Amino acid sequence: MRILLTGKNGQLGRCFQDVLKDTNHELFAYDSAELNIADASAVAAVFQEVKPDILVNAAAYTAVDKAETDSENAYLVNATGTELLARQAANLAIPFIHVSTDYVFDGAAVEPYLPSDETNPQGVYGASKLAGEINIAAACEKYIILRTAWVFSEYGNNFVKTMVRLAKERDALSVVADQYGCPTYAGDLAQAILEICEQHEQNKPLVWGLYHYCGDIPTSWHGFARAIFAKSYELGVISSCPQLTAISSDQYPTPAKRPEYSVMSTESLKNIYIAPSKWVIALNLVISKLSLGK
Ligand SMILES: NC(=O)c1ccc[n+]([C@@H]2O[C@H](COP(=O)([O-])OP(=O)(O)OC[C@H]3O[C@@H](n4cnc5c(N)ncnc54)[C@H](OP(=O)(O)O)[C@@H]3O)[C@@H](O)[C@H]2O)c1
């Protein structure tokens, strides 16, 4: 199967390349310099040249706080770029596998969000990702959008790597304890996307639409940090656990407002035979890789 991957250098892009290594699929992977998804003629040229059987979009504007003052670029990538990809996928009648975010919600819920729940993004990033979802649904029929959350991996910048670095530098840390969500390993997400691609290749009927893909156990940033420190200490990555203080979001103001509660229900994933990310197991793997300097 000919798979077109955009955003190959991001966390998901790199993990997707890793999971493809043991397969026979032909991967055509592009970074932002090789293919700017917001450039209509570049997108059209790549589709014409590659003629993919399926499209996986790992490209996105992901700087949540910067987006508040850079809304034009956030929309250019997350809304316009996504629409350009969706139109090309529709032209070739190929499936479009896309990734969105829990930040489309306002966080006022008290139980896990369903894909059908009302959206109400609190910041530009979430709003631009929501616009991308809407554009895809308008432009093509064969799409799967996986809303994910709190993504971590051995690659790029993420909460796990930041906490490990800070634990090496400081004796004490304060972490927000009143925001709840589901950590997600980018490698699990990549594997899930590969499984979706292979179901399509095997002509299994896929139920197109919107799904929630995230970790199986909700926690707070504070709880996540505690798990990271405990595992890092156990694996000898840090020599002691820093003293961890729980603080409120008010005590850690950021330019973009985050949802207080963005736990998502992954129930409907069973309709496409996918299991949620087992993030505690994955955390072990990622910290082991960090300990080896990978
Ligand atoms: N990270 C999270 O916690 C999180 C949470 C919820 C949802 N998500 C979603 O999950 C997906 C994967 O996220 P991630 O963590 O892998 O993101 P990431 O590490 O920030 O990677 C995003 C990639 O997109 C590329 N990109 C940006 N603008 C582009 C453009 N105009 N054309 C082509 N490529 C472009 C970036 O390349 P450059 O570096 O060259 O700009 C980068 O390699 C995204 O859709 C994101 O919105 C992420």
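Fair warning: this is a prediction, and the values are worked out from it, not measured in the lab. Start at 1 and go down the list; that is how both ligands and their atoms are numbered.
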| Under the side chain to side chain contact (heavy atoms under 4.5 Å, CB included) criterion, do F105 and T119 qualify, and how do the steps go? | CA-CA 5 Å; F105 296 116; T119 52; 4.1 Å; yes
| request: Kindly confirm or rule out an N or O of V77 lying under 3.5 angstrom from an N or O of ligand 1. | output: no
| For A149 and ligand 1, does the shortest N/O to N/O distance drop below 3.5 Å? | no
| message | Taking only non-hydrogen atoms of T6, do any sit less than 4.0 angstrom from ligand 1? | response | no
| message | Could you identify the single nearest non-hydrogen protein atom to atom 1 (N) of ligand 1 and state the distance to 0.1 Å? | response | V151 CB, 3.6 Å
Listed pairs under 3.5 Å, donor-acceptor, residues 180-188 side chains, sequence neighbours left out:
| from | atom 1 | to | atom 2 | distance (Å) |
| --- | --- | --- | --- | --- |
| Y180 | OH | A177 | O | 3.4 |
| T184 | OG1 | A149 | O | 2.8 |
| T184 | OG1 | C182 | O | 3.1 |
| T184 | OG1 | G215 | N | 3.3 |
| Y185 | OH | E154 | OE1 | 3.0 |
| Y185 | OH | E154 | OE2 | 3.2 |
| D188 | OD2 | S277 | OG | 2.8 |
| D188 | OD2 | K278 | N | 3.3 |

| Contact (N/O only, under 3.5 Å) between T62 and ligand 1 | yes
| task | Show which atoms of ligand 1 fall inside a sub-4.0 Å distance from at least one heavy-atom site of W150. | result | 3 (O), 5 (C)
| message | Please confirm whether D31 approaches ligand 1 to less than 4.0 Å, judged on its heavy atoms. | response | no
| note | Nearest non-hydrogen contact to atom 23 (C) of ligand 1 from the set A58, G126, G13 belongs to A58
| field | Which of the ligand 1 atoms, numbered from 1, are nearer than 4.0 Å to a heavy atom of L12 | value | 12 (C), 16 (O)
| Of C214, S153, A186, S100, which has the heavy atom at the shortest distance from atom 7 (C) of ligand 1? | S100
| said: I'd like to check atom 39 (O) of ligand 1 in this structure: does the protein have a heavy atom lying under 4.0 Å from it? | reply: no
| task | Decide yes or no on side chain to side chain contact (heavy atoms under 4.5 Å, CB included) for T6 and L85, but give the supporting numbers first. | result | CA-CA 10 Å; T6 56; L85 293 173; 4.2 Å; yes
| query | Can you tell me if Y125 has a non-hydrogen atom under 4.0 Å from ligand 1? | reply | yes
| said: For atom 32 (N) of ligand 1, what is the closest protein heavy atom, and at what distance to 0.1 Å? | reply: I37 N, 3.0 Å
| field | Side chains of Q122 and K257, donor plus acceptor under 3.5 Å | value | yes
| said: Using a 4.0 Å cut-off to any heavy atom of N9, which atoms of ligand 1 qualify? | reply: 43 (O)
| field | Stepwise side chain to side chain donor-acceptor pair (under 3.5 Å) check, E260 with S249 | value | CA-CA 9 Å; E260 243 176 59; S249 305; over 6 Å; no
| remark: Between the OG atom in S174 and the NE2 atom in H222, the distance rounded to the nearest 0.5 Å is 8.5 Å
| task | Do me a favour and list the nearest non-hydrogen protein atom to atom 19 (O) of ligand 1 with residue, atom name and distance? | result | Q11 N, 3.0 Å
| To which of G7, A63, A60, A74 does the heavy atom nearest atom 22 (C) of ligand 1 belong? | A60
| query | For atom 21 (O) of ligand 1, which of A59, G10, A38, C15 has the closest heavy atom? | reply | G10
| said: Can you report which non-hydrogen protein atom sits closest to atom 6 (C) of ligand 1, along with the distance? | reply: T148 O, 3.3 Å
| For D102 and ligand 1, does the shortest N/O to N/O distance drop below 3.5 Å? | no
| message | Closer than 4.0 Å to some heavy atom of V99 - which atoms of ligand 1 meet that? | response | 9 (C), 10 (O), 11 (C), 45 (O)
| request: Could you list the atoms of ligand 1 found under 4.0 angstrom from a heavy atom of N36? | output: 30 (C), 31 (N), 32 (N)
| field | For K129, atoms of ligand 1 separated by under 4.0 Å from a heavy atom | value | 44 (C), 45 (O), 46 (C), 47 (O)
| note | Taken to the nearest 0.5 Å, the spacing of I144 CD1 from H200 NE2 works out to 10.0 Å
| request: Answer yes if the side chains of Q191 and E195 hold a donor-acceptor pair under 3.5 Å, and no otherwise. | output: yes
| note | In ligand 1, the atoms that come under 4.0 Å of a heavy atom of L35 are 32 (N), 33 (C)
| Shortest protein heavy-atom distance from atom 41 (O) of ligand 1, along with the residue and atom involved | S32 OG, 3.9 Å
